[in-house]
Student: 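The structure under discussion is supplied below as structure tokens; questions concerning it will follow.
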There are 2 protein chains.
Amino acid sequence: MTEDTQSGRRAAPASPATLDDVARRAGVSPATASRALGDHPHVAVATRARVREAAEALDYVASPEATRLAGGPTGRVAVLVPHPARWFFGELIEGLEAALRAADLDLVLFRVGGPEERAAFFDRLPARRKVDAVVVLAFAVAEDEHDRLASLGVDIVVAGGRAASYPSVGVDDHGAGRQAMDHLIHLGHRRIGMIAVENTGRLAPDPDGRTSAWRAALGDAGIAPADELLVTVPWGGEGGADGMARLLGLRTPPTAVFAHDDETALGAVRTLRRAGLRVPEDLSVIGVDDHPLAALADLTTVAQPVREQGRRAGELVAAGLRGELRERVPPAELLPTRLVLRRTTSPPGAPR
Amino acid sequence: MTEDTQSGRRAAPASPATLDDVARRAGVSPATASRALGDHPHVAVATRARVREAAEALDYVASPEATRLAGGPTGRVAVLVPHPARWFFGELIEGLEAALRAADLDLVLFRVGGPEERAAFFDRLPARRKVDAVVVLAFAVAEDEHDRLASLGVDIVVAGGRAASYPSVGVDDHGAGRQAMDHLIHLGHRRIGMIAVENTGRLAPDPDGRTSAWRAALGDAGIAPADELLVTVPWGGEGGADGMARLLGLRTPPTAVFAHDDETALGAVRTLRRAGLRVPEDLSVIGVDDHPLAALADLTTVAQPVREQGRRAGELVAAGLRGELRERVPPAELLPTRLVLRRTTSPPGAPR
DNA sequence: TTGAAAGCGCTAACAA
DNA sequence: TTGTTAGCGCTTTCAA
């Protein structure tokens, strides 16, 4: 008792236990120990129990290097992130980390900004299989990239976006855009501007469908989308501010604006305030995301469960690695978005 | 030419070249090839060149698993992050990633929130030497944790904070706090509140020194720090909003507030606006960080170079792994902070 | 159901 | 300066 208390958690021996140690302690051969620990068939239950016990007692953790070298999995998954510092990606990462950790997988982070970096990554990865799977955050993967990885036995999953030929978790961006636009239209707005952001590193234009939602919603309401009302800016608050300034410079400015995301929307609001305009009395603004600071700014938005997308993606990876997804690519998984009413939208020209 | 164009970048052979392949092609033994590639001494320059060439031609990349198994380094660095989704940590990660990538090191991310998680991490890591070094983001490491890692040959570096016994990169938080407080005092404020945030997972109270700066600045100005003016809240905008509400509830509210960070400050501003108070005419607010959204909100703040802290930490790790830091722990590296004047501070009771 | 033996790709003595 | 010889810790045939 005294000893236990004194030694504290300094249980681990100086040099980690090996499989041989476990085998010896369990009175079996290393081969059997390996099979027992790896949940292979044809191992007597009693034996398996004994080995498990020994491993437990010795605080045994398999060496990933040795495992991999001998043909096993690495226990690692690569996560490709365009912008680790942005809230959206941070949330995705946090969700992913939780799921991967639960599955006892390590998360190796790679920042992959532009197309060249992406190409460099996909080029090098196959050379040495450092990971068992790749999670791509919010951008599409080219067919050939996918094929290459697949042929190497590396799973691939997309989080924060959609994909056709491989598992993905995201939201229906077009639908989210419709929620925002329909809200504005429902309030009575007819001249609605859109601040879209430049899509860097994505394959298709408007891959998230928000811009197409702007167009479609307008069309459905019998309003012809005026191209001058669609401005495209670099991502971020400053971009949003610039976009709003451009919209304000129009002969007939819009009465409401749908911004690609909350940070862009916040920038737009800043421009309006600086111009002495009241929000929402003079002009309504809506974003997408439900960024934590959107609440502080009372920004009306369409919320999406970002961390949850990361978590689900992580779960898909884990399932895939366990062989549960073999041969059947699950369809793109879409998580629900919802309109969050706050104080930056109101009927045109009317106080709320 | 035609062929080159057609084959594109599909240069890599199905199964990667091994060291043996390289050795064979260069006409030397694997051992020599290993030495040549590893920049070991006692290798004829000609031989080294020949081996390099062969490796190049074969597109050779060493197997990290085999390397590690044979006693070499893993080429991996663990990064311990309390909150991956927060701006501050995201920036740190982005800087780190850049530096580690430049050094050809992989970044393995671990979310380490509370003390228990931290303990769990440090407990397990030794068992499976999966990484060569550990970078701890913005929280202190206990002596024994450090010792354990050090004795295992795992380097440790702190980013976004200070540390005594191991390399660290951060800012002088006390100094930053003084910059903020001195600004307020210089403007003529004498009743200055402080919104501090609960320190989760840190070892010492007020480890970043901002609160002590509040106290010290007041003392130096001949003002007795009133305890009621110091409120502590959970991190984030909501916390800041609550903190401000508490301050407003005081019999005599402060005329200025120093918030622990920009997000907290933004929350404080929200409360003020909702209360119908003007910022800065009725009450000044200052934060720390220079969060991108602080600019949008015209928040006066003390800027700190966050990404740069990550980058420097990564460089330190790389240098340490190259053996350049052996035996001489570099002193805590402190990057400069600077006051960024915007529109949330002004003399008390006066329009700006 | 279990064991023995042969590597996985690399590095590190120890010789030559 | 270079080659030879052993492993690092694990998985996996192949036999028993």
Side-chain angles (χ1 to χ4, degrees), chain A residues 13-52 54-55 58-76 126-130 132 152-153, chain B residues 13-52 54-55 58-76 126-130 132 152-153 321 323:
Chain A
S15 103
T18 70
L19 183 59
D20 286 50
D21 296 333
V22 175
R24 205 168 309 124
R25 189 180 226 267
V28 298
S29 73
T32 301
S34 172
R35 285 188 280 249
L37 261 14
D39 273 335
H40 283 234
H42 306 308
V43 178
V45 273
T47 309
R48 180 163 324 202
R50 211 141 26 85
V51 173
R52 284 252 173 76
L58 262 30
D59 212 18
Y60 170 76
V61 182
S63 152
E65 339 292 339
T67 303
R68 175 68 196 108
L69 194 51
T74 66
R76 260 172 256 137
R128 289 298 175 189
R129 227 183 93 228
K130 291 176 156 189
D132 301 328
L152 271 154
Chain B
S15 103
T18 71
L19 184 58
D20 287 49
D21 297 332
V22 175
R24 207 169 306 126
R25 190 180 225 267
V28 297
S29 75
T32 301
S34 173
R35 283 187 284 248
L37 261 15
D39 273 334
H40 281 236
H42 308 306
V43 179
V45 274
T47 309
R48 180 163 322 203
R50 210 140 30 83
V51 173
R52 284 250 173 77
L58 262 31
D59 212 19
Y60 170 76
V61 182
S63 153
E65 341 291 337
T67 304
R68 176 70 194 100
L69 194 52
T74 66
R76 260 172 257 134
R128 34 161 168 190
R129 294 209 246 332
K130 292 176 157 187
D132 302 327
L152 272 156
L321 259 25

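Letters A, B, ... mirror the listed sequences (proteins, then strands); counts begin at 1.
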Student: Output the rounded distance in Å from CG (B/Leu58) to P (C/dC10).
Tutor: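 Whole-Å distance recorded here is 11 Å.
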Student: For the residue pair A/Leu19 and A/Ala33, what are the closest heavy atoms and their distance?
Tutor: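 Closest approach of A/Leu19 to A/Ala33, heavy atoms only: CD1-CB, 3.7 Å.
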Student: What I want to find out is whether B/Arg52 reaches B/Asp39 closely enough, with some N-O distance under 4.0 Å, to be called a salt bridge.
Tutor: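 Between B/Asp39 and B/Arg52 there is a salt bridge, with a charged N closer than 4.0 Å to a carboxylate O.
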Student: Find the distance B/Asp20:CG to D/dT5:C1' and express it as a whole number of Å.
Tutor: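 Answer to the nearest Å: 14 Å.
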Student: Distance check needed: D/dC10 C1' versus A/Leu37 CG, whole Å only.
Tutor: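 Those two atoms, CG and C1', are 11 Å apart.
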Student: Taking the side chain as every heavy atom from C-beta outward, state whether B/Arg50 and B/Thr47 have any pair of such atoms under 4.5 Å apart.
Tutor: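 Side chain of B/Arg50 against side chain of B/Thr47, heavy atoms only: contact under 4.5 Å found.
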Student: What's the spacing between A/Thr74 OG1 and B/Glu65 CD if we round to 0.5 Å?
Tutor: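 That separation rounds to 7.0 Å.
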Student: Side chain of A/Thr47, heavy atoms from C-beta onward: which of C/dC10, D/dT1, C/dT1 has the nearest atom to it?
Tutor: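 Looking only at heavy atoms from C-beta outward on A/Thr47, the closest nucleotide is C/dT1.
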Student: In whole angstroms, how far is the P atom of C/dT1 from the CZ atom of A/Arg50?
Tutor: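 Taking CZ of A/Arg50 and P of C/dT1, I get 14 Å after rounding.
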Student: Under 3.5 Å, which N/O atoms of the protein pair with N/O atoms of nucleotides 11-13 of chain D?
Tutor:
from: D/dT11; atom 1: OP2; to: A/Ser34; atom 2: OG; distance (Å): 2.6

Student: Taking CZ from A/Arg24 and P from D/dG9, how many angstroms apart are they, rounded to a whole number?
Tutor: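 Distance check: A/Arg24 CZ to D/dG9 P gives 11 Å.
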Student: Any idea which heavy atoms bring B/Ala55 and B/Leu37 closest together, and the distance?
Tutor: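 Smallest interatomic distance, heavy atoms only, reads CB-CD1, 4.3 Å.
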Student: Nearest heavy-atom pair of A/Gly75 and A/Asp132: which atoms, and what distance?
Tutor: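 Nearest heavy atoms, A/Gly75 then A/Asp132: N-OD2, 2.7 Å.
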Student: Can you identify which nucleotide, out of D/dT2, D/dG3, C/dC10, has its nearest atom closest to the B/Ser29 side chain?
Tutor: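 From the listed options, D/dG3 comes nearest.
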Student: Tell me the interatomic distance from B/Leu69, atom CG, to C/dC10, atom C1', rounded to whole angstroms.
Tutor: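 Atom-to-atom, B/Leu69 to C/dC10, this comes out as 8 Å.
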